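These figures come from a predicted structure and were not determined experimentally. Just follow the structure's listing: the first ligand is 1, and inside any ligand the first atom is 1.
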Amino acid sequence: MSNQTKPDLMESLISLCKRRGFIFQGSDIYGGLAGTWDYGPLGVAIKNNIKKLWWKRFVDDRDDMFGMDAAILMNQNVWRASGHVAGFSDPLVECKKCKNRFRFDQLPGVTMAKNAEGKNSWQMSKETVCPSCGSEGSKFLSEPRDFNMMFQTHVGAVQDDSSISYLRPETAQGMFVNFKNIMDSQHPKLPFGMAQIGKAFRNEIAPRDFLFRVREFEQMEIEYFVHPKEWEKVFEDFRSETKAFFSDLGLGMSKVHELEVPDGERAHYSKRTIDFEFDFPFGRKELSGLAYRTDFDLKQHSEFSKVDLSYYDEANKERFLPHCIEPSFGLDRAVLAVLADSYTEDSLGGETRVYLKLSPAVAPFKVAVFPLLRNKPELIKKAEEIFKAIKKEIPAATFDDNGNIGKRYRRQDEIGTPYCVTIDFDTIEKGAGVTVRDRDSGKQERVGEKELVAYLKSKIN
Ligand code: ATP
């Protein structure tokens, strides 16, 4: 494991991500745009692998789930009904001395407590100081005010109140508003779910910690509808499925923790929430959430849209509004967890090295193929031939003949490629197969050319 201090680890990770083409600061050449990151070829490969694993576990491997891809822009009434226009806000304070703005609930010594009228409110203590200039909080921080985190825009050429729309702050509502469409087109019986992967936007007051708190991100969400009497069992099922998914990603499960969110701290729609937290290098923080949203959303949308969203149970001759269990995953936080968890330093052959101990399922490339030397046409020809045969069966394979073999191994270690195949003179002169090097141990094995593809497949699946 890494022997770096944790802040250093984040710096090393961000720099590796840039150097190797995983993730870049958004709008980099213009000095960046806070809270945005651009995924390069290797980052997008990890992201797609995580999406695939999620879709497989939660959609393809089940017969009770309907995939969705709803529009990001929605009728503004969706966000009135959901409660986001009135209440999707964080408490914002400004330091009167340095003029910087902060999220009040995240400052040291700020806690939620009952005020004189018996209402929950944020209160500061002696420890609360301005994180920028260190001024005493009680003297210099303004009263907190609610800051709505939705990005507002206008749809069409006329900019008045009727044309207001928002970039969605969660993908969930795109599913609730399509509940009736799924019922009418797919005729499912309860329980069933809708699943969607897509962008969400939040104008976070203080974006930070690389991909952890950003203003534009992707969510992977499920709205699973049940009879109100069945919510507890389904909640438990998704609780274990969530852990199974983190294990699919190869995350160290001792770093995943459950937090039962207490009364008063849950979102307005939730009767029970478990946050799945992860030990990130900057602390234990939320990776995903599991919420029991009751019939809050269907009820609100029925009222606001005046469309009946109830469900009729033929067998029991019962009409009711289904209740909803929502497992909600942040894709970018999952990418960050996978990268931070896999970042490893060790020494191999007397040299220190950095490598990403990624599970083959999430690694951008599963196999890299090299000719031993780059200036021998007969080695290159054979290496290309073997590469073609591998790529046909394992598309996430790469060819590398840059620099010397040691450099190539280091490069592939740094991007987390689990296996490197080298074609040498014994391959062409003696028909002695190739060497396959294991990323983690650095050990090499000779494998016959005929057995190679099957051997690699058995290792990466
Ligand atoms: P937090 O308390 O960290 O702000 P949240 O409880 O508001 O998160 P949810 O509304 O439950 O988050 O969103 C579901 C998931 O979406 C989160 O578990 C997280 O993985 C992801 N997510 C939310 N906000 C962000 C963000 N600003 N940047 C990256 N991912 C996010």
Side-chain angles (χ1 to χ4, degrees), residues 23 26 33-39 43 47 50-51 54 79 82-84 87-92 102-106 110 112 122 146-151 166-176 195-223 238-239 242-243 245-246 249 251 256-262 264-278 280 282-293 296-297 324-340:
I23 296 151
L33 178 68
T36 64
W37 294 91
D38 295 342
Y39 285 75
K47 216 182 190 193
I50 295 177
K51 286 189 205 179
W54 187 87
W79 305 108
S82 68
H84 284 79
F88 191 61
S89 50
D90 277 338
L92 173 78
F102 308 97
R103 222 179 112 173
F104 191 49
D105 56 323
Q106 291 179 341
V110 171
M112 176 70 90
W122 294 109
D146 285 341
F147 172 76
N148 195 302
M149 288 197 290
M150 284 197 293
F151 282 99
Y166 303 92
L167 299 185
R168 67 181 177 203
E170 60 176 28
T171 62
Q173 299 304 324
M175 293 184 270
F176 292 122
Q196 160 159 256
I197 301 178
K199 289 260 181 177
F201 303 81
R202 297 183 186 180
N203 197 1
E204 294 280 355
I205 296 168
R208 64 173 183 285
D209 296 325
F210 194 22
L211 305 172
F212 181 80
R213 188 168 301 287
V214 287
R215 290 183 168 136
E216 174 174 345
F217 54 99
E218 272 185 270
Q219 291 184 316
M220 307 182 285
E221 293 197 301
I222 292 164
E223 307 307 326
F238 278 113
R239 191 173 174 180
T242 296
K243 285 184 271 189
F245 172 64
F246 291 141
L249 301 186
L251 288 180
V256 176
H257 310 275
E258 291 185 24
L259 173 78
E260 184 79 48
V261 181
E265 288 181 30
R266 288 190 295 269
H268 59 279
Y269 50 73
S270 174
K271 270 220 173 130
R272 184 176 181 198
T273 299
I274 288 181
D275 282 349
F276 289 84
E277 298 189 315
F278 185 75
F280 289 98
F282 41 86
R284 185 176 290 184
K285 296 273 161 73
E286 176 177 334
L287 174 57
S288 80
L290 173 62
Y292 169 39
R293 292 181 82 126
F296 176 84
D297 303 270
C324 179
I325 305 291
E326 178 194 68
S328 173
F329 298 84
L331 178 53
D332 308 75
R333 284 190 191 174
V335 172
L336 179 57
V338 160
L339 287 172

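- Taking OG1 of Thr36 as the reference point, atom CG of Leu211 lies at 11.0 Å (rounded to 0.5 Å).
- In terms of protein heavy-atom proximity, atom 14 (C) of ligand 1 is nearest to Ser328 OG, 3.0 Å.
- No donor-acceptor pair under 3.5 Å is formed between the side chain of Arg215 and the backbone N or O of Arg202.
- Residue Arg213 has at least one heavy-atom neighbour below 4.0 Å for each of these atoms of ligand 1: 1 (P), 3 (O), 4 (O), 27 (N), 28 (N).
- Sparse packing is recorded around NZ of Lys271, with 12 or fewer heavy atoms of other residues, nucleotides or ligands lying under 6.0 Å away.
- For the pair Arg333 and Phe212, the cation-pi criterion (under 6.0 Å, within 45° of the ring axis) is fulfilled.
- Using a 4.5 Å cut-off on side-chain heavy atoms (C-beta onward), Asp90 and Leu92 make no contact.
- Counting the atoms of ligand 1 from 1 in the order shown, those under 4.0 Å from a heavy atom of Gln219 are 13 (O), 14 (C), 15 (C), 16 (O).
- With hydrogens and angles disregarded, a donor-acceptor distance shorter than 3.5 Å links the side chain of Arg266 to the backbone of Val261.
- Both the sub-6.0 Å distance and the 45° axial angle are satisfied by Lys47 relative to the ring of Tyr39.
- A donor-acceptor contact shorter than 3.5 Å is absent between the side chain of Gln173 and the backbone of Ser82.
- Closest to atom 7 (O) of ligand 1 among all protein heavy atoms lies Arg202 NH1, 3.1 Å.
- Salt bridge status for Arg293 with Glu170: present, with a side-chain N to carboxylate O gap under 4.0 Å.
- Across the listed options Glu326, Glu286, Glu218, Glu286 owns the non-hydrogen atom lying nearest to atom 2 (O) of ligand 1.
- In summary, the atoms of ligand 1 found under 4.0 Å from a heavy atom of Ser288, numbered by their order in the structure, are 18 (O).
- Between Leu287 and ligand 1, at least one pair of N/O atoms sits closer than 3.5 Å.
- At a 3.5 angstrom cut-off on N or O pairs, Phe212 counts as close to ligand 1.
- Residue, atom and distance of the protein heavy atom nearest to atom 30 (N) of ligand 1 are Arg333 NE, 3.4 Å.
- Considering only non-hydrogen protein atoms, atom 31 (C) of ligand 1 sits nearest to Phe217 CE1, 3.5 Å.
- Of the polar atoms of Glu221, none of the N or O atoms is found under 3.5 Å from an N or O of ligand 1, judged by distance alone.
- Backbone and side-chain nitrogen or oxygen atoms of Gly330 are examined, and one is located within less than 3.5 angstrom of a nitrogen or oxygen of ligand 1.
- Proximity to Glu204 (heavy-atom distance under 4.0 Å) selects the following atoms of ligand 1: 26 (C), 27 (N).
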